[in-house]
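To start, the structure itself, in C-alpha cells.
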Amino acid sequence: MSGLPQSQVAEAVSFTLNRLSQSGVLALSSQPGIVIESPKRPEWGDFSSNVAMLLASQVRQAPMKIGEVLAGELQREWPHLFSRVDVASPGFLNFTLNPLCWIQVLQSIQEFGLLFGTSRVGKGQRILLEFVSANPTGPLHVGHGRGAALGQALANVLQASGFSVEREYYINDAGRQLLLLGQSVLARYREKLGKGTGFPEDGYHGDYIKEIADALIRTRQSALLDLPAEEAERMCAMEASALLLDRIRQDLSRFGIGFEIWFSETQLHESGKIQQAFDLLRQKHLLEQRDGAWWFCSSRFGDEKDRVAQKQDGSYTYLAADIAYHREKLGRGYDTLINVWGADHHGYIPRMEAAVQAFGFPKETLKVVLVQMVSLLRGGQKVEMSKRAGEFVTLREVLDEVGPDAAKFFFLMRRADTHLDFDLDLAKQQSADNPVYYVQYAHARLASLFRVAQDRGYHLPRIEEVKTDFLLQEEELGLIKRLAHYPTVVEGSAVALEPHRLTFYLQELAAQLHAYYNRHRVLPPLSVTERSESTEGVSESSEFPEEPESEESREHSSEKISSDVTSARLAILRQVQTVIRNGLTLLGVSAPEKM
RNA sequence: GCGCCCGUAGCUCAGUUGGAUAGAGCAUCGGCCUUCUAAGCCGAGGGUCGCAGGUUCGAUUCCUGCCGGGCGCACCA
C-alpha cells in the first residue's frame with residue numbers, strides 16, 4: 001500500500017536525495033535509512049524526518065544547512081505532495097502535506113476494505129508460530145489464555161503483513177510429567193475404590209484428577225486394580241491426557257483459537273527422530289559422553305554450560321525431545337521459528353538457540369516471545385492462585401465470567417513481557433472505563449448511525465461523491481490522519497512481534513471517534529424546535545467563532561448540517577468503522593453491529 | 001552468587017527501535033443528554049523517566065556500576 005502519504009514522503013525524500021547525490025550537490029557515500037515519523041506536535045507538520053542530522057557527519061555540513069537544501073528541492077520537485085517543507089532546529093525536516101493527499105487514504109480504505117492495513121513487508125517468508133503448547137496434564141489456566149491470545153494476534157498481524165504463517169501446538173505427551181499424571185489418576189482411582197495406597201510425591205492435586213478417576217470407574221469399573229501397577233499407570237496416563245487434551249481443544253475453540261498443526265512429542269520418539277538428531281550431533285561432536293550421560297555442548301554457542309540430553313539410565317531428558325522437535329521444524333523449511341513461552345522459561349532460550357545453531361541455522365532463525373504472568377483481580381484484590389495445591393483459575397472460568405472478546409482484549413492490553421493485572425470486574429463492566437467495550441461501542445455506534453441514516457432515506461456515499469472541502473475540515477482531517485497511521489501500526493506490531501500496539505491504537509482511534517461524534521452531528525435534527533428557532537440568528541451566520549473554548553457543547557447544537565456536510569461525514573465515518581473492524585479482527589475480537 | 005526481564009503521574013501502563021516542550025486510562029475535582037446509542041463527551045490538578053556516571057549535535061531509549069522488584073539457575077517439563 002505504497003500510495004499512503006507516509007510512504008510517498010519517504011519515497012520523495014529518497015528520490016531527491018539520490019538525485020542530489022548524483023548531481024554532486026550532496027556528497028553521499030551511502031544513503032541512510034530514511035525514517036519518516038509522525039511528530040508529536042501539530043506545529044511540526046504532518047510528518048518529520050531526521051535525515052539531515054544523520055547526513056551531517058557524512059557530508060560534513062551543518063544539519064540545518066543540509067535541511068535547507070533538501071527542503072528547497074523537495075518543495076520544488078513535489079509540489080503536489082508538499083504544501084510546505086520547513087527546517088527546524090537542530091535540523092528536523094517538517095513536512096506539511098497538501099490536504100488533497102489525505103483524500104486518497106479514504107479512497108484506499110474504501111477500495112481495500114477488509115484488506116486495508118495489509119502489506120507485503122513479509123515478502124511471503126514462512127513462519128512457524130508455536131504457542132500455548134500446554135502439557136495435557138491439566139486444564140488451561142489464565143496464563144495459557146494470555147499466550148493463546150497473543151499467539152493468535154501475532155499470527156494475524158504477521159499474516160496481514162505478508163508473512164506466511166502456520167500455527168502449531170506442541171503436545172508434550174511423553175515423559176515424566178505424563179507418568180506423574182497417570183500415577184496421580186491411579187492413586188485417586190484406588191482411593192475411590194477403597195484401595196488407597198498413597199499419593200505420589202509431586203502428583204497433580206487438582207479436582208479434575210478426581211473427575212478423571214470417576215470417569216475411569218464408570219468405564220472400567222475396578223478392572224485397573226488387577227493390572228500390574230506400571231501398566232495401570234500407563235493406561236491412566238493415556239486416558240487422562242486424551243481427556244485433558246480434548247478439554248484443552250474445546251477451551252481453545254471456544255476462545256476462538258485454532259492451529260494448523262498439532263504436533264505430538266510421542267511421534268518424535270516413535271519415529272526415531274530423537275535418535276536421528278543425536279546421530280547428527282555426535283557427528284558434529286556436539287554430543288559428548290561424560291559421567292555416563294550424554295551432554296549437548298550448548299556452551300559452544302553461548303549457553304553458560306552444557307546440558308544433559310540423555311541420562312545415565314539411558315532415558316532422554318526433555319531437552320532431547322526439544323532438540324529433535326526444533327530440528328523437525330527447521331527441516332520443514334520455515335524461514336523463522338517463533339515460540340511463545342511463559343517468561344519462567346527464559347533461561348531455556350540459550351539452549352534452544354544453541355540447538356538451532358548446532359543444526360547449521362543462524363541464531364536469529366529462532367525468536368522467542370516471552371509472556372509474563374497474569375494476576376486476576378476481583379474487587380481490587382488479587383485472586384490467589386497456588387499451583388502446588390492445584391488451585392488456579394482456569395481459562396474456562398474466565399471465559400464463563402467475561403467472555404472471549406473481553407478476555408482477548410485484556411490479554412493484549414499490555415506488552416507481553418510485563419506482568420498483567422487482569423481486572424475481572426472491569427472486564428465485565430459495560431462502561432467507557434472498560435476498554436474493550438469502549439472500542440466495540442465505537443463500532444456499534446457507527447453501525448447504529450448508518451442504520452438511522454438509511455431509515456431516514458440517506459444513502460451511504462462513496463468518497464468520490466463527496467465534496468472535497470467538507471472532508472478536509474480540521475477535525476475530519478484529524479480523523480483521516482489517524483486512519484492513515486493504521487497500516488504502520490499493523491506493520492510495526494508484526495515486525496516487532498508486539499500486537500499490543502494495535503490495542504493501543506484502537507483505543508486512541510475510538511477516543512477520537514467518540515469525541516468527534518459527541519461534538520458534531522452527522523444527520524440534521526429531525527424537527528425544528530423552538531430552541532433552535534430562538535438561536536437561528538446566530539447559527540445561520542456564515543462566520544463561525546474561531547475557537548469557542550468553553551462553549552463547545554453549544555457549537556454542537558448550533559452547527560449547521562447541510563446535505564454536503566452529512567454526506568462527507570457519513571463517508572469518513574464509514575472508513576473509520578472499517579479500520580476499527582479490521583483492527584479488532586486482527587486481535588481476534590468481534591466488531592458488533594449493535595450493543 | 002550468576003543470568004534474563006522490569007523500574008515513567010497516587011494506581012495500571014504507553015512511549016513509533018536515539019529526536020524537538022513526557023503521553024493515555026483509572027482515581028480525585030468540576031461540567032455536558034427534549035435531537036444520530038450518555039456503554040459517550042469536555043475541563044482541571046498531578047513528573048528528579050529508580051540513582052550515579054559514560055557514549056554524541058541530542059538519552060526515558062544505547063553502555064557501565066549501584067539500589068529496588070519479579071523470574072530462572074535439575075540427569076523435572
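The analysis underlying the following values was restricted to heavy atoms, covering all of them including side chains, and did not include hydrogens, waters or symmetry mates. In this text, all values refer to a predicted model and were calculated from it rather than measured experimentally. A note on names: the letters A, B, ... follow the listed sequences, proteins ahead of strands, and every chain is numbered from 1.
Aromatic ring orientation, A/Trp341 versus A/His345: tilted (interplanar angle from 30° to 60°).
With hydrogens and angles ignored, no donor-acceptor pair closer than 3.5 Å exists between the side chain of A/Asp433 and the base of B/A27.
Note: CE (A/Met595) to P (B/A39) measures 10 Å, nearest angstrom. The distance from atom NE2 of A/His346 to atom P of B/C73 is 8 Å, rounded to the nearest whole Å. The separation between A/Met413 atom CE and B/G25 atom P is 14 Å, rounded to whole Å.
With B/C71, B/U12, B/G19 as the choices, the nucleotide that has an atom nearest any side-chain atom of A/Arg414 turns out to be B/U12. Distances were taken from every side-chain heavy atom of A/Glu304 (C-beta onward) to each of B/C73, B/C36, B/U21; the shortest belongs to B/C73.
With a cut-off of 3.5 Å on both pairing distances, B/U56 has no Watson-Crick or G-U wobble partner at all. Pairing partner, B/G43: B/C29, with both Watson-Crick or wobble hydrogen-bond distances short of 3.5 Å. Base-pair partner of B/C36: not found among the strands shown (Watson-Crick or G-U wobble, both distances under 3.5 Å). B/A24 and B/U12 make up a base pair, with Watson-Crick or G-U wobble contacts both under 3.5 Å. Using Watson-Crick or G-U wobble geometry with both donor-acceptor distances under 3.5 Å, B/G3 finds its partner in B/C71. Across all strands shown, the partner of B/C66 is B/G50, judged by Watson-Crick or G-U wobble contacts whose two distances both fall under 3.5 Å. Base pairing analysis places B/U17 opposite nothing; no Watson-Crick or G-U wobble pair with both distances below 3.5 Å involves it.
The stacking criteria are not both satisfied for A/Phe504 over the base of B/A14, which would need a centre-to-centre distance under 5.5 angstrom and an angle between ring planes under 30 degrees.
Contact annotation: A/Lys311 side-chain N/O to B/C76 OP1/OP2 distance is under 4.0 Å. The shortest distance between the side-chain N/O atoms of A/Arg415 and the OP1/OP2 oxygens of B/G15 is below 4.0 Å.
When the C1' atom is compared between B/A44 and B/U34, the two are found 30 Å apart, to the nearest whole Å. Between B/G47 and B/G53, the two P atoms lie 23 Å apart (nearest whole Å). Nucleotides B/A22 and B/G46 have their C1' atoms positioned 13 Å apart, rounded to a whole Å.
Among the atoms of the strands shown, base atoms are found under 4.0 Å from some heavy atom of A/Ser448. Within 4.0 Å of A/His514, counting heavy atoms only, lie sugar-phosphate atoms of the nucleic acid but no base atom.
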